[in-house]
Amino acid sequence: MAAIRLDSKSVSQLSHLQGQSPSSLRKANDIRNINHRKNHVIFNHESIDWVFMHNHIAHHTLTVLALGGTSKDLDSHFQANSAYQRAQPSDAAGNVAELDDPKSWETAFGHEENYGQFLHFFEAQLESQSIEEVLDSYVFSDTYIARSIMVRCPWSAIVAEALAQACIHHDDYLFPFFHDTEMGSASGHSRGSLMVDLLAEARVEHKIQSSTSFSTFERLEDGVPQNARLEITRIASRWSVESRDVDRVAAELLNASVFLVAGAQRPPHPVRFDFFLMHLLNAAIFLSALMALPRIGNEAKAHLLESFGRYMILLYAAEGSSQLDMTPVNQQSPLGPGG
């Protein structure tokens with residue numbers, strides 16, 4: 001497997017802080033390479049727990065490093081999360097050649113036990129092609145991988161992890177939603193709405209409000225899409241993106257995701273950020289990285305932003321479409337200077 005080598009220059013792309021210590025960089029490299037070689041991206045077994053639980057060591061390590069963490073901080077996070085990880089199968093590399101056959105892709109796709117196989121496959125692709133070329137071939141031009149893959153960093157080994165993780169997910173229950181909204185948008189009715197306005201519409205639509213509850217285990221699968229399919233499709237279809245407007249729309253989605261996550265409060269309870277909605281913001285931060293890739297055409301970028309925005313509306317509705325109000329956040333006092 002390809003080694004991950006973090007250095008001060010590459011880390012500067014992730015952090016506003018400068019001058020991470022050599023000991024922190026060495027520790028981060030050690031952790032990332034151990035995790036990359038030994039651990040599965042899913043630490044549990046869906047067949048037992050009925051849900052995927054993701055290995056977050058990569059996220060923890062890069063985040064702690066970007067925030068100026070010491071080698072001790074990095075090791076502490078690693079030790080707290082390493083014991084329960086699931087090992088990769090030792091024979092994964094031996095099956096990589098099978099993925100050269102499209103039929104083998106269809107068979108392997110969506111199965112967590114094939115993570116190692118996909119990881120080795122994408123590492124091999126990234127040895128002979130640039131990251132942009134691989135994304136163009138397997139994300140934007142290929143039907144197998146969902147179009148919501150983000151370019152999170154410049155290191156090919158980590159991109160390989162992200163692509164392999166996407167390949168073992170099986171969110172096919174979302175296909176009807178994306179198909180319906182694509183068809184609805186193609187009709188051209190009332191296109192060009194602002195994201196914040198569409199979120200507000202989803203909140204006041206009675207059938208959407210009553211379509212899910214906290215007792216619904218899979219709200220994205222069994223809530224809104226099942227019980228308010230026409231209503232959520234009508235609203236989400238009105239989100240559309242012109243190819244000439246991708247940079248502005250990427251900024252709009254980032255702004256809307258901050259508003260959505262920060263504004264979903266419930267006074268007088270303390271300010272908290274919803275775990276599920278938070279993932280929209282985590283992803284939106286990296287939209288600008290994709291928009292800056294010259295090899296990927298603006299039509300493909302526009303399609304990505306359309307899918308991202310429509311999913312944002314769906315997830316907001318599935319999580320209860322709470323009242324969005326920035327007042328509780330704006331009234332917070334920082335704990336220290338610059339907070």
Side-chain angles (χ1 to χ4, degrees), residues 8 11-21 23-25 27-28 31 53-54 56-81 150 152-153 194-204 209 212-214 219 247-289 291 308-309 311-339:
S8 57
V11 171
S12 68
Q13 300 176 51
L14 300 176
S15 175
H16 293 294
L17 300 174
Q18 299 297 319
Q20 278 80 5
S21 71
S23 61
S24 293
L25 289 169
K27 177 60 69 173
I31 292 171
M53 297 182 183
H54 295 112
H56 281 66
I57 289 176
H59 313 317
H60 288 162
T61 303
L62 294 176
T63 300
V64 172
L65 185 65
L67 291 173
T70 65
S71 59
K72 184 177 180 180
D73 296 328
L74 289 158
D75 190 60
S76 175
H77 277 269
F78 177 60
Q79 296 301 331
N81 292 281
M150 296 292 104
R152 297 179 180 269
C153 59
L194 293 175
M195 176 54 64
V196 291
D197 293 336
L198 296 174
L199 294 173
E201 279 195 48
R203 170 163 176 75
V204 300
Q209 277 283 325
T212 188
S213 68
F214 284 112
R219 293 190 284 277
D247 290 326
R248 186 201 62 78
V249 173
E252 179 183 350
L253 286 172
L254 176 57
N255 179 74
S257 64
V258 172
F259 174 58
L260 193 158
V261 175
Q265 304 299 327
R266 194 177 182 184
H269 300 285
V271 170
R272 295 290 186 268
F273 301 122
D274 182 272
F275 174 81
F276 298 100
L277 297 180
M278 178 182 66
H279 285 75
L280 292 170
L281 177 55
N282 291 346
I285 290 171
F286 299 101
L287 287 175
S288 59
M291 299 305 107
F308 188 100
Y311 181 76
M312 178 183 289
I313 297 167
L314 176 63
L315 184 60
Y316 170 65
E319 293 305 311
S321 50
S322 58
Q323 178 69 46
L324 300 179
D325 182 5
M326 292 294 290
T327 303
V329 174
N330 291 335
Q331 291 177 342
Q332 295 293 299
S333 298
L335 297 177

To check you understand the geometry: which heavy-atom pair defines the closest contact between [X] and [Y], and what is its length?
X      : Y      : result
Arg219 : Ser213 : CD-O, 3.4 Å
Gln265 : Pro270 : OE1-O, 4.2 Å
Gly320 : Gln209 : O-NE2, 3.6 Å
Ser257 : Leu281 : OG-CD1, 3.5 Å
Ala264 : Leu277 : CB-CD1, 4.1 Å
Ala262 : Phe273 : CA-CE2, 3.8 Å

Check: Does some side-chain heavy atom of Leu65 sit less than 4.5 Å from a side-chain heavy atom of Ser24?
Finding: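 They are in contact (side-chain heavy atoms under 4.5 Å apart), so the answer is yes.
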Please report the interatomic distance [atom1]([X]) to [atom2]([Y]), rounded to the nearest 0.5 Å.
X      : Y      : atom1 : atom2 : answer
Asn81  : His77  : CG    : NE2   : 8.0 Å
Leu74  : Gln79  : CG    : CD    : 11.5 Å
Leu260 : Leu315 : CG    : CG    : 8.0 Å
Leu253 : Ser288 : CG    : OG    : 11.5 Å
Phe259 : Asp325 : CZ    : CG    : 8.0 Å
Gln332 : Met326 : CD    : CE    : 11.0 Å

Notebook entry, point to check: Would Leu254 and Leu287 satisfy side-chain contact (heavy atoms from CB on, under 4.5 Å), going step by step from the backbone distance to the final call?
Noted result: CA-CA 8 Å; Leu254 176 57; Leu287 287 175; 5.8 Å; no
Note to self: In terms of relative ring orientation, are His56 and His59 parallel, tilted or perpendicular, with 30° and 60° separating the classes?
What the structure shows: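 His56 and His59: perpendicular rings.
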Note to self: With a 6.0 Å cut-off (strictly less than), is the heavy-atom count around CZ of Arg266, excluding the residue itself, greater than 12?
What the structure shows: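 Not more than 12 within 6.0 Å, no.
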All N/O donor-acceptor pairs, side-chain side in residues 195-203, below 3.5 Å, sequence neighbours left out:
{"residue": "Glu201", "atom": "OE1", "partner": "Arg238", "partner atom": "NH1", "Å": "2.8"}
{"residue": "Glu201", "atom": "OE2", "partner": "Arg238", "partner atom": "NH1", "Å": "2.6"}
{"residue": "Glu201", "atom": "OE2", "partner": "Arg238", "partner atom": "NH2", "Å": "2.9"}
{"residue": "Arg203", "atom": "NE", "partner": "Gln323", "partner atom": "OE1", "Å": "3.0"}
{"residue": "Arg203", "atom": "NH1", "partner": "Ser321", "partner atom": "O", "Å": "2.7"}

Notebook entry, point to check: Could you go step by step and tell me if Thr61 and Phe78 meet the side-chain contact (heavy atoms from CB on, under 4.5 Å) rule?
Noted result: CA-CA 8 Å; Thr61 303; Phe78 177 60; 5.8 Å; no
Next item on the list: Assess whether side-chain hydrogen bond (donor to acceptor under 3.5 Å, both in side chains) is satisfied between Asp73 and Thr70, documenting all intermediate values.
Entry: CA-CA 5 Å; Asp73 296 328; Thr70 65; 3.1 Å; yes
